[in-house]
Amino acid sequence: SRRGIIAKIRQYAEVIVRKILDLSPNDTVELGNGKLQHKISERNNPLLLKAVKDINKIGSECTHTKSIREISDDDVKNTIDRLFDLYASILIEYFEKYKFGSNLQIVYSFSILPPIIRYITLNYLYEKYPDNLMIIDKLSLVLLKALNKDAAMDWLQERKDVLEKTHSVSPDAYKATIEKFGKEIADMLYNSAPNMYDLCSERVELVAGEIETRGKLYNDFESAIIFYQKEGIVEGSSPEIKEFNSIMEFLYLGRKSQK
């Protein structure tokens with residue numbers, strides 16, 4: 001039933017909040033608890049706080065028998081959307097600790113998440129770090145995958161003036177490419193799309209064509225889990241990698257593959 005779905009999401013949300021706050025098994029987690037919400041507000045993540053409050057409100061309504069109003073499909077959809085915000089909040093907190101793009105293996109593994117989760121995460125990060133080239137690139141592409149080509153191109157068009165003034169490669173990356181491959185190769189790689197607007201527009205067009213021809217590889221956790229199990233576990237033992245692998249393991253925990 002719709003009430004049952006929302007009640008279960010509320011229970012699951014408590015598991016996710018426990019993960020975010022890194023609480024011990026002995027700590028009680030109730031979404032409506034004032035102290036818990038205060039802890040959440042201290043994270044300075046409005047997306048997380050709103051998700052917790054909204055899920056708690058509708059979840060309580062679906063749990064208590066005194067509420068007699070009919071729960072609609074929109075109620076279920078909105079609750080699932082807030083659940084996605086909780087997933088994204090785990091990743092947002094991680095990438096505020098470790099800069100997005102600093103480890104390309106992690107960026108690749110991150111791409112094996114449902115597009116909607118990536119979109120929420122990257123959209124939030126872009127508002128805080130609008131100069132991060134990797135965020136701009138990946139956000140424009142995930143808009144295509146989570147929504148459609150028009151949404152991606154509209155997003156780029158709205159920021160065209162800024163993006164045309166933004167070079168498509170950081171000075172450090174350009175210098176590293178010269179050192180590894182020579183100036184001729186570096187110029188060939190980066191001068192073809194000298195600014196972020198041109199680069200992202202070209203990539204959106206290219207990937208849109210691939211999707212039209214082949215379709216999407218995955219759109220949810222269940223269709224992505226096979227790719228995660230094969231290629232999504234990042235090798236290494238640094239704190240950055242261990243923490244990321246732990247998050248991905250949590251997000252895919254209990255999922256059953258679906259082609």
Full working for side-chain contact (heavy atoms from CB on, under 4.5 Å) between Lys97 and Glu240: CA-CA 9 Å; Lys97 184 176 180 181; Glu240 177 183 11; over 6 Å; no

I would like to know whether Arg3 and Glu61 meet salt bridge (Lys or Arg N to Asp or Glu O under 4.0 Å); could you show each step before the answer? CA-CA 9 Å; Arg3 282 180 175 270; Glu61 188 176 349; 5.5 Å; no

Show your reasoning for whether side-chain contact (heavy atoms from CB on, under 4.5 Å) applies to Arg203 and Lys138. CA-CA 10 Å; Arg203 281 167 60 74; Lys138 298 303 181 185; 4.0 Å; yes

Could you please spell out the steps behind the side-chain contact (heavy atoms from CB on, under 4.5 Å) verdict for Lys149 and Glu205? CA-CA 8 Å; Lys149 180 182 174 182; Glu205 290 283 357; 2.8 Å; yes

Evaluate the salt bridge (Lys or Arg N to Asp or Glu O under 4.0 Å) criterion for residues Lys77 and Asp81: first the C-alpha distance (whole Å), next the side-chain angles of each, then the deciding distance (0.1 Å), finally the verdict. CA-CA 6 Å; Lys77 180 184 180 302; Asp81 287 343; 3.0 Å; yes

Run the side-chain contact (heavy atoms from CB on, under 4.5 Å) test on Ser111 and Arg118 for me, step by step, so that the C-alpha distance in whole Å, both residues' side-chain angles and the decisive distance to 0.1 Å come before the verdict. CA-CA 7 Å; Ser111 73; Arg118 285 182 278 150; 4.2 Å; yes

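The hydrophobic clustering, which links ILVMFWY residues whose side-chain heavy atoms are closer than 4.5 Å, places Val162 and Tyr126 apart. One hydrophobic cluster, built from ILVMFWY side chains closer than 4.5 Å, cannot hold both Leu206 and Met153; they sit in different ones. If you chain together hydrophobic residues whose side chains sit under 4.5 Å apart, Tyr98 and Phe250 fall into the same group.
One finds the CD1 atom of Ile16 at 12.0 Å from the CG atom of Leu21 (value rounded to the nearest 0.5 Å). Within the model, atoms OH of Tyr129 and CD1 of Ile136 stand 14.5 Å from one another, a figure rounded to the nearest 0.5 Å. To the nearest 0.5 Å, atoms CG (Leu31) and NZ (Lys57) are separated by 14.5 Å. In this structure, CD1 on Ile20 lies 5.5 Å from CG on Leu86, to the nearest 0.5 angstrom. Taking CG from Asp75 and CZ from Arg2, the interatomic distance works out to 8.5 Å, rounded to the nearest 0.5 Å. Going from atom CG of Leu141 over to atom SG of Cys200 covers 7.0 Å, rounded to the nearest 0.5 Å.
Centroid-to-centroid, the aromatic rings of Tyr228 and Phe221 stay 6.0 Å apart or farther. The six-membered or imidazole ring of Trp155 lies away from that of Tyr119, with a centre-to-centre distance of 6.0 Å or more. Phe100 has its ring centre less than 6.0 Å from the ring centre of Phe110.
Heavy-atom neighbours of Lys19 NZ from other residues, nucleotides or ligands within 6.0 Å: above the threshold of 12. Other residues, nucleotides and ligands place more than 12 heavy atoms under 6.0 Å from the CD atom of Glu42. Summarising the local packing, CG of Asn44 is surrounded by 12 or fewer heavy atoms from other residues, nucleotides or ligands at distances under 6.0 Å. Applying the 6.0 Å contact sphere to NZ of Lys230 captures no more than 12 heavy atoms from other residues, nucleotides or ligands.
Using modelled atom types and a 3.5 Å distance limit, the side chains of Asp198 and Ser201 yield no donor-acceptor pair. With 3.5 Å as the limit, one finds a donor-acceptor pair spanning the side chains of Gln157 and Tyr197.
Side-chain contact between Ile71 and Ile5: absent, with no pair of heavy atoms (C-beta onward) separated by less than 4.5 Å. A heavy-atom distance below 4.5 Å is not found between the side chains of Ile247 and Tyr252. For the pair Leu49 and Asn45, the minimum side-chain heavy-atom distance is 4.5 Å or more.
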